[in-house]
Chemist: 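Quick one: structure below, then a few questions.
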Amino acid sequence: MTPTPNDIITLGHGGGGRLMHDLIVNELLAASDVMSETDLEDAALIADGRLAISTDGFTVKPLFFPGGDIGKLAACGTINDVAMRGARPRWLSVAMIIQEGFALEDLRRIIRSIRAACDADGVHVITGDTKVVGRSAADGIFITTTGVGERFADPAPSASAARPGDRVIVNGALGDHGIAILAAREELSLGGSALQSDCASLLTLTEAIVGAGGSGVRTLRDMTRGGMSAALNEIALASGVSLEIEEDSVPVRREVRGACELLGMSPFEIANEGKLVAIVAPEVAEEVLAAMQEHELGERAAIIGSVGGGRAGRVSARTALGTSRLIDLPAGELLPRIC
Ligand code: MG
């Protein structure tokens with residue numbers, strides 16, 4: 001029998017939206033005897049909560065792009081997921097699947113990027129794995145990193161910890177990574193501008209946020225695949241709250257907004273690799289915002305909304321016209337192989 005679209009994995013299943021969420025909940029969680037739909041954090045706490053661990057695979061295309069490459073992405077992506085639980089990444093494993101014929105010089109560049117990103121944060125690569133597959137069995141190189149960090153935040157920020165009245169803060173303009181990758185892949189000209197991926201480690205920004213907000217820092221989440229829309233929906237669901245944002249207060253670069261209009265996409269659904277959303281208690285919101293704005297990765301930080309008491313899982317945006325629209329989990333295939 002020919003498989004139907006319901007019987008096979010599609011690129012959309014990797015998009016970070018509804019399809020991926022359903023795949024995880026309906027199929028993949030069966031592998032675990034401890035994880036659940038409401039416990040999908042960026043990193044898991046282990047060793048009585050002293051350590052956080054996270055793993056992530058990277059398949060980005062092209063491998064080298066404005067603002068970074070797959071090596072920097074693979075290091076920073078996992079560093080960020082560990083940092084989102086209020087932990088300082090210390091150890092990293094790096095597993096590579098390399099295609100036969102891959103240029104050694106490109107591999108060296110990627111390895112240098114991993115090392116530079118790790119050195120910047122005091123992270124040590126302590127183990128790894130290398131596999132080589134035939135020419136048609138992969139596309140260049142795929143990298144999987146696993147990071148372990150020591151927790152410094154108490155309590156650990158959690159997707160399930162947002163409470164009504166809390167404020168929602170982002171550290172800067174949304175959508176740079178996704179649009180920069182797309183532009184590099186399609187050789188799109190974005191008005192002659194040199195838009196760069198925001199690929200960066202969020203560790204020191206996270207330390208600044210926790211330093212300013214203390215136990216008032218409820219939730220931290222990096223807004224990767226599925227962008228801000230996916231992150232906010234996951235938080236609203238895990239915390240059993242509603243979230244309301246002011247659409248006009250969300251920073252987006254002019255060229256990203258323009259590209260999104262051209263492509264019929266929402267900047268809220270585009271992947272970032274150096275942007276996080278922080279949900280913090282109202283009494284620490286101004287201090288956290290100020291600390292973020294003092295950091296080089298938070299100059300355009302903004303309070304974009306708050307946690308409401310509405311229907312659990314609902315995320316909405318108030319528009320400039322005073323109307324309200326639903327911000328849903330992105331539906332299907334957004335941009336494949338963005339990270
Ligand atoms: Mg994450």
Side-chain angles (χ1 to χ4, degrees), residues 14-18 20-21 23-25 28-29 35 37-46 51-60 68 70 72-89 92 117 121 123 143-149 151 153 156-162 168-172 174-178 181 197-206 209-210 217-239 268-279 297 315 329-330 334-335 337-339:
R18 171 66 60 192
M20 193 171 90
H21 177 87
L23 180 71
I24 291 170
V25 170
L28 307 186
L29 284 179
M35 294 174 74
E37 182 176 3
T38 54
D39 175 36
L40 299 177
E41 303 276 5
D42 280 327
L45 298 182
I46 52 174
L51 303 177
I53 180 168
S54 185
T55 193
D56 216 332
F58 297 85
T59 64
V60 69
I70 191 171
K72 181 181 183 186
L73 198 60
C76 290
T78 290
I79 286 171
N80 290 346
D81 277 338
V82 171
M84 293 306 104
R85 299 307 306 279
R88 192 173 293 112
L92 198 71
D121 281 338
V123 176
I143 302 179
T144 296
T145 52
T146 302
V148 175
R151 186 157 66 90
S158 165
S160 63
V168 180
I169 312 177
V170 297
N171 66 308
L174 300 188
D176 294 2
H177 176 74
I181 293 292
S197 164
D198 57 351
C199 179
S201 164
L202 293 166
L203 176 60
T204 57
L205 179 69
T206 300
I209 290 169
V210 173
V217 179
R218 316 266 204 231
T219 307
L220 297 172
R221 200 145 186 116
D222 55 343
M223 298 180 284
T224 53
R225 270 175 306 172
M228 181 185 78
S229 296
L232 293 185
N233 271 278
E234 288 159 2
I235 294 166
L237 190 69
S239 293
F268 295 175
E269 297 186 353
I270 305 289
N272 312 274
E273 287 295 340
K275 296 294 173 332
L276 59 77
V277 55
I279 299 196
L297 295 181
V315 182
L329 254 188
L334 295 160
L335 302 170
R337 299 194 44 193
I338 210 74
C339 58

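Every number for a ligand or one of its atoms is a count from 1 in the order of the listing.
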Chemist: Is the backbone of L276 close enough, under 3.5 Å, to the side chain of D222 for a donor and an acceptor to pair up by distance?
Modeler: no

Chemist: Could you tell me which N, O or S atom of D42 is nearest to the Mg ion (ligand 1)?
Modeler: OD1

Chemist: Taking just the N, O or S atoms of D81, which one is nearest to the Mg ion (ligand 1)?
Modeler: OD1

Chemist: So, N171 side chain and L297 main chain: donor-acceptor pair closer than 3.5 Å or not?
Modeler: yes

Chemist: If you check every N/O/S atom of D222, which is the one nearest the Mg ion (ligand 1)?
Modeler: OD1

Chemist: Counting N and O atoms only, with roles assigned by atom type, does the side chain of T78 sit under 3.5 Å from a partner on the main chain of G147, one being a donor and the other an acceptor?
Modeler: no

Chemist: Rounded to the nearest 0.5 Å, what separates atom CG in N80 from atom CG in L202?
Modeler: 4.0 Å

